[in-house]
Amino acid sequence: MKTKREDNNDEDEGREFPDLKRQKKLDESSPPPASLAFENALHTLASYDDDDDEKEEEEMKEASGLRGREDNRRAELNGHRDEEEDDDDDDPHQEANQVKRSRLVEVRRDCPYLDTVNRQVLDFDFEKFCSVSLSNLNVYACLVCGKYYQGRGQKSHAYTHSLEAGHHVYINLRTEKVYCLPDGYEINDPSLDDIRHVLNPRFTREQVDQLDKNKQWSRALDGSDYLPGMVGLNNIKETDFVNVTIQSLMRVTPLRNFFLIPENYRHCKSPLVHRFGELTRKIWHARNFKGQVSPHEFLQAVMKASKKRFRIGAQSDPVEFMSWLLNTLHGDLRTSKKNSSIIYNCFQGELEVVKEIPNKGFFEKRENGDDQNNATTADGHADVILETCRMPFLMLGLDLPPPPLFKDVMEKNIIPQVPLFNILKKFDGELVTEVVRPRIARMRYRVTRLPQYLILHMRRFTKNNFFIEKNPTLVNFPVKNLELKDYIPLPAPKENEKLRSKYDLIANIVHDGKPGEGFYRVFVQRKSEELWYEMQDLHVSETLPQMVALSETYMQIYEQQQ
């Protein structure tokens with residue numbers, strides 16, 4: 001029997017044809033060359049095999065099964081079933097074996113087309129979809145023009161492209177193997193390792209430990225210089241709220257180190273987790289072909305995971321996005337035994353909340369003239385009910401004082417300023433905060449456990465029935481040595497432990513412009529030299545620490561001093 005295509009799955013090859021499986025094992029027993037000993041971090045996400053077309057594979061199996069049933073039925077009718085089973089010429093499995101044996105891929109160290117590889121056009125930041133069929137199965141990148149094509153068999157789009165355009169070198173985006181088409185042999189050349197590193201950046205644990213000590217700049221192929229970890233992010237379309245959030249989280253050392261090593265989250269099946277890890281490795285990679293990174297694949301995973309709550313082309317709030325991202329990553333990463341993850345280890349603190357709720361029964365009895373002591377609670381407050389609980393938090397929301405309504409004598413709006421310590425008093429356990437939702441209550445908050453990384457959110461936007469209003473109040477805050485114990489009461493540390501209440505700022509997200517029309521930028525610190533950089537999408541520039549506090553801060557991340 002002749003198959004429709006001489007291009008089948010290696011896994012099915014071993015399962016259905018044991019002779020070829022033994023031959024394959026003998027071939028694999030020899031160690032691979034060192035230059036190809038790479039491990040793809042996303043192998044566990046893929047459910048397809050190299051050089052496999054699922055539709056044609058099913059057709060081959062169905063045809064083999066029909067052929068076998070037809071032979072058996074003919075043998076039974078003629079009374080010669082044993083003779084048919086011994087007839088090797090009619091055995092469909094043997095013919096398939098011969099086909100597969102003819103498909104053993106030749107590996108060469110030399111290829112005459114390697115000089116046609118153009119690294120300037122290679123861009124692996126976008127989704128791995130064939131540019132013709134729009135399929136994400138078995139996709140190859142042409143290393144000459146940079147386009148993506150599916151398959152490499154004789155009827156595949158990559159094979160056709162190699163004949164029409166004369167482009168002969170292709171890399172499998174999943175296995176990282178390089179092939180020459182239409183000849184079909186595999187290329188084993190160390191000169192292609194830099195392309196594999198850009199396709200799938202990888203770090204050793206020793207390299208991760210040295211990241212915050214590295215002061216060396218990197219140079220891209222276009223001649224631009226960039227700092228690993230300080231690369232700009234492409235604003236695809238109104239995605240600056242995502243970019244500032246990502247740049248801020250890249251300063252959280254334990255979180256960054258966790259996602260730089262894919263083995264830490266290999267058990268997780270969430271595409272969002274793996275796309276976030278892939279983006280982290282690209283931002284901190286020192287051998288990129290260009291000095292910026294496009295978070296396209298990460299944004300696609302965000303759109304799917306959030307059910308288009310956050311999407312390309314629609315401006316959103318970085319505070320809402322930060323909250324959603326941290327909670328979603330935690331839910332995907334936590335193990336069944338412990339409700340913990342790298343997210344909670346970095347950002348989770350604890351609050352004691354005292355809620356005073358008006359006692360409706362007390363007021364009803366007063367209105368009816370029944371003013372008896374049976375409505376009095378145990379603490380003597382008959383008009384309120386006290387509820388005390390402890391709740392975890394990932395970020396703290398701070399309320400800004402309302403701006404003045406009138407202009408000064410120069411007919412200019414007065415821009416008020418408030419110290420950070422004043423608005424932090426909300427969490428001293430004594431200041432009362434009035435809330436109306438879900439019902440009217442008086443709240444008092446007190447911090448009972450500080451996180452390693454403290455996220456503060458200034459409630460700068462208020463929404464009414466007609467429009468969104470922005471509070472322009474400037475917040476005065478220290479860049480280093482924020483001592484919380486001087487302004488809010490903190491619990492005493494346990495024995496043999498030190499009270500760590502001093503924090504340093506590592507990221508400061510700023511909003512400029514009108515509400516709903518403005519844009520976001522972020523100030524971040526580079527630890528290796530303790531320098532501050534202003535980042536707005538692709539724009540990255542060094543700035544002074546004094547400039548960080550002269551802006552309308554919206555969200556901050558503080559790191560606990562050790």
Side-chain angles (χ1 to χ4, degrees), residues 244-245 247-249 251-252 317-319 322-323 346-353 393-404 414-434 443-462 469-491 499-512 520-525 530 532-534 543-562:
V244 295
T245 304
Q247 297 286 17
S248 300
L249 292 177
R251 312 310 132 194
V252 181
D317 193 316
V319 172
M322 175 78 82
S323 177
C346 291
F347 301 107
Q348 190 184 47
E350 188 180 70
L351 282 177
E352 181 184 78
V353 182
F393 70 87
L394 292 179
M395 66 173 65
L396 296 178
L398 304 178
D399 301 317
L400 297 176
I414 302 173
I415 300 179
Q417 300 185 30
V418 60
L420 177 63
F421 311 111
N422 286 8
I423 56 179
L424 274 175
K425 290 180 180 179
K426 176 182 178 180
F427 300 99
D428 63 1
E430 298 179 2
L431 187 67
V432 175
T433 303
E434 303 280 351
M443 313 285 285
R444 294 200 304 269
Y445 306 96
R446 185 172 68 89
V447 177
T448 56
R449 190 180 78 243
L450 288 171
Q452 184 180 0
Y453 289 86
L454 179 64
I455 303 178
L456 299 180
H457 157 222
M458 285 61 179
R459 302 185 189 276
R460 197 168 286 280
F461 299 102
T462 54
E469 187 178 6
K470 179 182 178 182
N471 190 328
T473 302
L474 295 178
V475 179
N476 298 323
F477 55 88
V479 174
K480 292 184 71 68
N481 300 322
L482 170 63
E483 182 57 87
L484 293 180
K485 70 178 182 179
D486 295 339
Y487 303 95
I488 57 176
L490 297 174
L499 178 62
R500 293 188 176 94
S501 59
K502 190 174 289 188
Y503 285 81
D504 293 333
L505 184 69
I506 58 174
N508 182 38
I509 295 177
V510 173
H511 180 266
D512 297 315
Y520 295 96
R521 54 194 172 96
V522 62
F523 294 93
V524 299
Q525 186 190 40
E530 294 190 356
W532 282 89
Y533 287 84
E534 179 185 349
T543 187
L544 296 173
Q546 294 84 348
M547 300 298 296
V548 178
L550 298 179
S551 53
E552 298 178 1
T553 180
Y554 188 45
M555 185 166 55
Q556 300 175 325
I557 301 181
Y558 282 89
E559 182 181 34
Q560 193 176 56
Q561 291 185 3
Q562 299 300 320

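Everything numeric in this text was worked out from a predicted model, so none of it was measured.
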Problem set entry | side chain to side chain contact (heavy atoms under 4.5 Å, CB included) evaluation trace for Phe427 with Leu398 | CA-CA 9 Å; Phe427 300 99; Leu398 304 178; 3.4 Å; yes
Exercise. Pick from Ile506, Leu505, Ile509: which one makes a side chain to side chain contact (heavy atoms under 4.5 Å, CB included) with Gln556?
Worked result: Leu505
Exercise. Given the rule in the side chain to side chain contact (heavy atoms under 4.5 Å, CB included) test, do Ile415 and Leu474 qualify, once you have shown the distances and angles that lead to the verdict?
Worked result: CA-CA 7 Å; Ile415 300 179; Leu474 295 178; 4.0 Å; yes
For this session: May I have the step-by-step check of side chain to side chain contact (heavy atoms under 4.5 Å, CB included) for Leu249 and Phe347, ending in yes or no?
Result: CA-CA 11 Å; Leu249 292 177; Phe347 301 107; 3.9 Å; yes
Exercise. Rounded to the nearest 0.5 Å, what separation is found between the CZ atom of Arg449 and the CG atom of Leu351?
Worked result: 10.0 Å
Exercise. In Å and rounded to the nearest 0.5 Å, what is the CG to CZ distance from Leu490 to Arg446?
Worked result: 9.0 Å
Exercise. Got a donor-acceptor contact below 3.5 angstrom from the Lys426 side chain to the Gly397 backbone?
Worked result: yes
Problem set entry | Beyond-backbone contact of Ser248 with Ile455, side-chain heavy atoms, under 4.5 angstrom | no
For this session: Taking all heavy atoms of Pro416 and all of Pro403, pick out the closest pair and write down the distance.
Result: CG-CA, 4.2 Å
Exercise. Does any N or O in the side chain of Ser323 come within less than 3.5 Å of the main-chain N or O of Val319, such that one atom is a donor and the other an acceptor?
Worked result: no
Exercise. If every non-hydrogen atom of Pro489 is compared with every non-hydrogen atom of Asp428, which pair is closest and at what distance?
Worked result: CG-O, 3.3 Å
Seminar exercise, completed: The reported gap from CE in Met395 to CD1 in Ile557 (rounded to nearest 0.5 angstrom) is 8.5 Å
Exercise. Which of parallel (below 30°), tilted (30 to 60°) and perpendicular (above 60°) describes Tyr487 and Phe421?
Worked result: parallel
Exercise. Are side-chain heavy atoms of Val432 and Met443 found at a separation under 4.5 Å?
Worked result: no
For this session: Check whether any side-chain heavy atom of Val475 lies under 4.5 Å from a side-chain heavy atom of Leu400, and answer yes or no.
Result: yes
Seminar exercise, completed: Nearest heavy-atom approach of Pro478 to Tyr558 is O-OH, 3.5 Å
Problem set entry | Under 3.5 Å donor-acceptor, Gln247 side chain and Val524 backbone | no
Problem set entry | Rounded distance (nearest 0.5 Å) linking atom NZ of Lys502 with atom CG of Leu484 | 11.0 Å
Problem set entry | Pair Asn481-Gln561, side-chain donor/acceptor within less than 3.5 Å | yes
For this session: Mark yes or no for whether Lys470, through its side chain, and His511, through its backbone, hold a donor-acceptor pair below 3.5 Å.
Result: yes
Seminar exercise, completed: For Pro491 and Val447, the nearest pair of non-hydrogen atoms, with its separation, is CD-O, 3.6 Å
For this session: Return the minimal non-hydrogen interatomic distance between Glu534 and Thr543, and the atom names on each side.
Result: N-CG2, 4.0 Å
Problem set entry | Tyr445 side, atom OH; Ile488 side, atom CD1 - distance, nearest 0.5 Å | 14.5 Å
For this session: Considering non-hydrogen atoms only, spot the tightest contact between Val244 and Pro318 and give its length.
Result: CG2-CB, 4.1 Å
For this session: Mark yes when over 12 heavy atoms from residues, nucleotides or ligands other than Lys480 sit less than 6.0 Å from its NZ; otherwise mark no.
Result: yes
Exercise. More than 12 heavy atoms of other residues, nucleotides or ligands under 6.0 Å from CD of Glu434: is that the case?
Worked result: yes
Exercise. Are any non-hydrogen side-chain atoms of Phe393 and Pro451 less than 4.5 angstrom apart?
Worked result: yes
Exercise. So, Arg460 side chain and Thr553 main chain: donor-acceptor pair closer than 3.5 Å or not?
Worked result: yes
Problem set entry | Rounded distance (nearest 0.5 Å) linking atom CG of Asp317 with atom CZ of Phe461 | 7.0 Å
For this session: Could you go through the side chain to side chain contact (heavy atoms under 4.5 Å, CB included) check for Tyr554 and Val522 one step at a time?
Result: CA-CA 10 Å; Tyr554 188 45; Val522 62; over 6 Å; no
